[in-house]
Amino acid sequence: MLDVKLLRANINDVAEQLKRRNVDLDVEAFNTLESRRKELSVSTQELQNERNKSAKSIGQAKAKGEDIQPLLDQVADLGGQLKAAEDELAALNSSIHEMMMGLPNLLHETVPAGDSEDDNVEIRRWGEPTSFDFKPKDHVDLGAPNGWMDFEAATKITGSRFVVMRSAMARMHRALIQFMLDTHSQEHGYGEVYVPYLANEDSLKGTGQLPKFEEDLFKMKGEHNFYLIPTGEVPITNLVRGEIIDEKDMPLMYTGHTPCFRSEAGSYGKDTRGLIRQHQFEKVEMVQMVKPEESWDKLEELLGHAEAILQKLGLPYRVMTLCAGDTGFSAAKTYDLEVWLPGQDTYREISSCSNFEDFQARRMMARYRNAETKKPELLHTLNGSGLAIGRTLVAVVENYQQEDGSILVPDVLKPYMGGIEKLS
RNA sequence: GGAGAGGUGGCUGAGUGGUCGAAAGCACUGGUUUUGAAAACCAGCGACGGUUUACCCCGUCCCAGGGUUCGAAUCCCUGCCUCUCCGCCA
């Protein structure tokens with residue numbers, strides 16, 4: 001959420017900045033609501049003050065044994081007036097809040113202009129696209145024939161966009177999770193967490209998936225308002241919802257593995273083949289809660305932690321800065337890591353690393369106590385995939401394939417796979 | 001799932017429907033004392049919003065949402081959560 005004070009003071013600036021995202025802020029509507037709110041807030045407080053004073057004097061009169069009936073008559077209609085004013089004010093406040101919850105974050109000045117992923121800007125590459133002296137296959141042709149990846153079985157069990165994995169492939173999938181968690185927790189300084197895979201409405205509002213993007217989520221039936229998490233970002237970031245963190249404990253760094261569930265509404269017909277776009281996939285997530293002045297440096301560090309995984313796995317990739325139109329709702333700036341996929345002869349997103357500044361923190365009242373001022377201040381949140389497991393598996397399978405259809409095991413994964421050299 | 005007890009400031013924990021934003025203790029901060037530290041003593045110490053140069057002042061907040069009342073931390077209803085006992089269970 002943006003700071004409502006910012007809108008009160010500089011709404012035209014904000015509107016101008018939101019245009020970069022092709023978002024049209026209704027300045028007039030906001031100003032109308034806001035001026036009415038201010039008026040009403042003042043008059044409501046006056047009424048409240050009057051009520052408090054008279055209640056107090058009635059109490060005192062009663063304590064002295066005086067007749068309080070005349071005083072009661074004086075305040076007879078106060079209650080009704082106050083109730084009406086409070087109700088109207090509450091309605092107004094919730095309209096303003098609703099409007100604020102629907103506005104995306106302001107973009108960092110370094111975010112390039114653009115409307116779609118075609119306008120994202122490449123900032124560097126690591127490694128060269130893998131070369132083969134035969135025609136490389138994609139992961140489906142490599143995995144499906146021998147049952148390593150069984151899309152038909154998954155369709156029977158559930159439906160489209162799910163997968164069953166078997167034997168060595170299932171094991172390598174699991175190995176990737178262990179390898180990433182170990183790397184982040186042992187080498188990069190993250191604390192490992194295990195978290196719920198169902199989250200409530202407040203949590204999803206906190207990180208920004210609700211109220212705007214409910215159609216992307218799977219919602220539980222029944223009396224609880226629970227949703228399957230679309231990313232580990234949701235439960236992990238919400239660890240600090242409503243908390244005031246000691247400055248000495250900052251930055252907080254968490255890593256965790258979770259499944260992710262996405263309805264993929266609106267992407268029918270897109271990436272229907274293989275593991276690229278599933279309703280259920282695994283991810284190892286990195287989340288940081290940092291002091292505001294540190295967040296831009298921390299974004300570069302966090303990006304480096306994600307890159308380290310790809311480098312250890314020996315997978316060629318490039319780093320992209322998302323353009324204005326492609327940057328997510330809550331983020332001020334996002335880097336995507338795109339890994340080389342020989343089967344598709346292209347780079348595909350495998351990680352997304354973002355700085356949210358105080359956008360999520362304000363939604364969930366996540367603060368830290370500034371040691372100098374002793375006051376609670378909003379902290380900054382960041383997160384990044386480190387990495388998406390399914391897509392990493394695709395990248396390993398396609399980049400490490402041999403002409404006979406076997407898959408070499410990257411060195412760093414061997415300890416997690418009983419030392420075997422290849423899948424065959 | 002059944003029965004009971006609770007949810008109060010960073011923590012523990014008092015609170016008769018009427019100067020209660022809330023006793024007390026701990027923690028923390030500042031001071032006195034001390035070569036220094038500890039101890040002792042004194043003082044300060046919630047969040048958010050409005051107003052203000054600032055002080056002050058005003059409002060809201062005692063799990064959440066409703067209700068009763070001139071007035072609610074306190075009474076009533078609903079929900080959420082925690083604890084104890086029983087049942088079930090990985």
Side-chain angles (χ1 to χ4, degrees), chain A residues 1-9 30-31 33-101 194-206 210-211 219-227 235 238-250 252 289 358 361-379:
Chain A
M1 194 158 61
L2 300 177
D3 188 352
V4 71
K5 286 183 202 156
L6 187 65
L7 267 78
R8 286 175 193 160
F30 178 84
N31 284 339
L33 283 173
E34 176 55 25
S35 60
R36 179 75 189 125
R37 183 202 62 84
K38 186 144 191 177
E39 237 169 67
L40 200 58
S41 162
V42 170
S43 60
T44 304
Q45 286 193 17
E46 280 168 2
L47 285 170
Q48 286 170 331
N49 181 228
E50 210 177 312
R51 177 206 55 199
N52 291 343
K53 278 188 192 157
S54 51
K56 206 166 272 187
S57 56
I58 290 170
Q60 285 167 346
K62 203 175 175 185
K64 288 184 206 151
E66 295 169 6
D67 179 18
I68 60 169
Q69 193 53 45
L71 289 168
L72 288 182
D73 293 342
Q74 267 179 39
V75 297
D77 60 333
L78 198 59
Q81 283 180 47
L82 183 57
K83 176 96 173 71
E86 281 177 342
D87 286 351
E88 196 187 340
L89 184 60
L92 215 45
N93 276 330
S94 81
S95 304
I96 292 171
H97 189 250
E98 202 177 306
M99 192 168 178
M100 299 297 297
M101 288 292 275
Y194 167 81
V195 292
Y197 302 155
L198 295 176
N200 61 30
E201 220 175 307
D202 285 343
S203 293
L204 285 147
K205 281 181 181 165
L210 289 179
K219 186 174 187 179
M220 297 289 104
K221 276 201 161 177
E223 53 203 285
H224 296 294
N225 275 333
F226 291 163
Y227 295 81
N238 274 282
L239 284 168
V240 295
R241 176 153 54 85
E243 302 289 330
I244 300 173
I245 310 297
D246 272 352
E247 183 170 335
K248 65 175 162 50
D249 297 327
M250 303 274 281
L252 295 176
M289 294 84 175
D358 61 13
R362 185 173 294 105
R363 287 178 163 234
M364 54 189 166
M365 284 298 279
R367 294 172 292 176
Y368 76 103
R369 195 172 295 279
N370 185 316
E372 248 173 75
T373 65
K374 310 261 192 274
K375 290 288 176 190
E377 293 174 16
L378 292 172
L379 45 77

**Whole-Å gap separating P (B:G18) and CG (A:L71)** = 18 Å
**Item:** Ionic contact status for A:D3 with A:K5, cut-off 4.0 Å
**Value:** no
**Item:** 5' precedence on RNA chain B between A:N49 and A:E377 (nearest-nucleotide basis)
**Value:** A:E377
**Prompt:** Side chain of A:Q48: nearest nucleotide among B:G71, B:C48, B:U60?
**Reply:** B:U60
**Asked** Between A:E34 and A:R8, is there a side-chain N and carboxylate O pair less than 4.0 Å apart?
**Response** yes
**Fill in**
Taking B:C70, B:G59, B:G50 as options, the one with an atom nearest any side-chain atom of A:N52 is B:G59
**Message:** Salt bridge check, A:K53 against A:E50: does any charged N sit closer than 4.0 Å to a carboxylate O?
**Reply:** no
**Asked** Base, sugar-phosphate, or nothing: which does A:R367 touch, judged by heavy atoms less than 4.0 Å apart?
**Response** sugar-phosphate
**Request:** Rounded to the nearest angstrom, tell me the gap between atom CG in A:D3 and atom C1' in B:G49.
**Result:** 12 Å
**Pairing nucleotide - B:U78, Watson-Crick or G-U, each distance under 3.5 Å** = B:A64
**Message:** When the C1' atoms of B:A64 and B:C81 are compared, how many Å lie between them, rounded to an integer?
**Reply:** 10 Å
**Request:** Once you apply the 3.5 Å cut-off to both distances, tell me the Watson-Crick or G-U wobble partner of B:C28, or none.
**Result:** B:G44
**Item:** Any A:K5 side-chain nitrogen or oxygen under 4.0 Å from OP1 or OP2 of B:G49
**Value:** yes
**Asked** B:C86 and B:G67: how far apart are their C1' atoms, nearest whole angstrom?
**Response** 35 Å
**Message:** Side chain of A:K83 only, heavy atoms from C-beta on: which candidate in B:A47, B:G67, B:U51 is closest?
**Reply:** B:G67
**Opposite nucleotide pairing with B:C70, Watson-Crick or G-U, both atom distances under 3.5 Å** = B:G18
**Length of the CD1-C1' vector between A:I58 and B:G71, whole Å** = 7 Å
**Fill in**
Paired to B:C55 by Watson-Crick or G-U wobble criteria (both distances under 3.5 Å) is none
**Item:** Spacing of the C1' atoms in B:C70 and B:U19 (rounded, Å)
**Value:** 16 Å
**Asked** If we ignore angles and hydrogens, is there a donor and acceptor under 3.5 Å between the side chains of A:D73 and A:Q69?
**Response** yes
**Prompt:** What residues, two or more places apart in sequence or in another chain, satisfy salt bridge (charged side-chain N to carboxylate O under 4.0 Å, His left out) together with A:D202?
**Reply:** none
**Asked** At under 4.0 Å, does any side-chain N or O of A:N225 touch on OP1 or OP2 of B:G79?
**Response** no
**Fill in**
A:E86 atom CD is separated from B:G49 atom P, nearest whole Å, by 19 Å
**Prompt:** For the side chain to side chain contact (heavy atoms under 4.5 Å, CB included) test, which of A:L239, A:L378, A:N238 pairs with A:M364?
**Reply:** A:N238
**Prompt:** Could one point to a donor on the side chain of A:K62 or the base of B:G18 with an acceptor on the other under 3.5 Å away?
**Reply:** yes
**Item:** P gap between B:U16 and B:C55, integer Å
**Value:** 36 Å
**Prompt:** Taking atom C1' in both B:U33 and B:A38, what distance in whole Å separates the two?
**Reply:** 12 Å
**Message:** Using whole Å, what does the distance between atom P of nucleotide B:A47 and atom CD of A:E243 come to?
**Reply:** 16 Å
**Message:** Only pairs with both distances under 3.5 Å count, Watson-Crick or wobble alike; so what is the partner of B:U84 in this structure?
**Reply:** B:A3
**Prompt:** Which one is paired to B:A23, where only Watson-Crick or G-U wobble pairs with both distances under 3.5 angstrom count?
**Reply:** none
**Message:** Please report the distance, rounded to the nearest Å, between CG in A:N93 and C1' in B:C48.
**Reply:** 13 Å
**Asked** Counting just side-chain N and O atoms, does A:R362 come under 4.0 Å of either OP1 or OP2 of B:C48?
**Response** no
**Request:** With RNA chain B as reference, determine whether A:R51 or A:L78 sits nearer its 5' end, using the nearest nucleotide of each.
**Result:** A:R51
**Fill in**
Atom CD1 of A:I244 and atom P of B:G46 are separated, to the nearest Å, by 12 Å
**Item:** Distance, C1' atom - from B:A23 to B:C45, rounded to whole angstrom
**Value:** 16 Å
**Request:** Determine the Euclidean distance between corresponding C1' atoms of B:C83 and B:U32; express it in Å to zero decimal places.
**Result:** 45 Å
**Message:** Expressed as a whole number of angstroms, how long is the span from A:N200:CG to B:G65:C1'?
**Reply:** 16 Å
**Item:** Residue A:K38, side-chain heavy atoms: nucleotide from B:U19, B:G50, B:G59 that is nearest
**Value:** B:G50
**Message:** Measuring only the C1' atom in each nucleotide, how far is B:C80 from B:G65? A whole number of Å is fine.
**Reply:** 10 Å
**Request:** Decide, yes or no, whether a salt bridge links A:E88 with A:R36 under the criterion of side-chain N to carboxylate O below 4.0 Å.
**Result:** yes
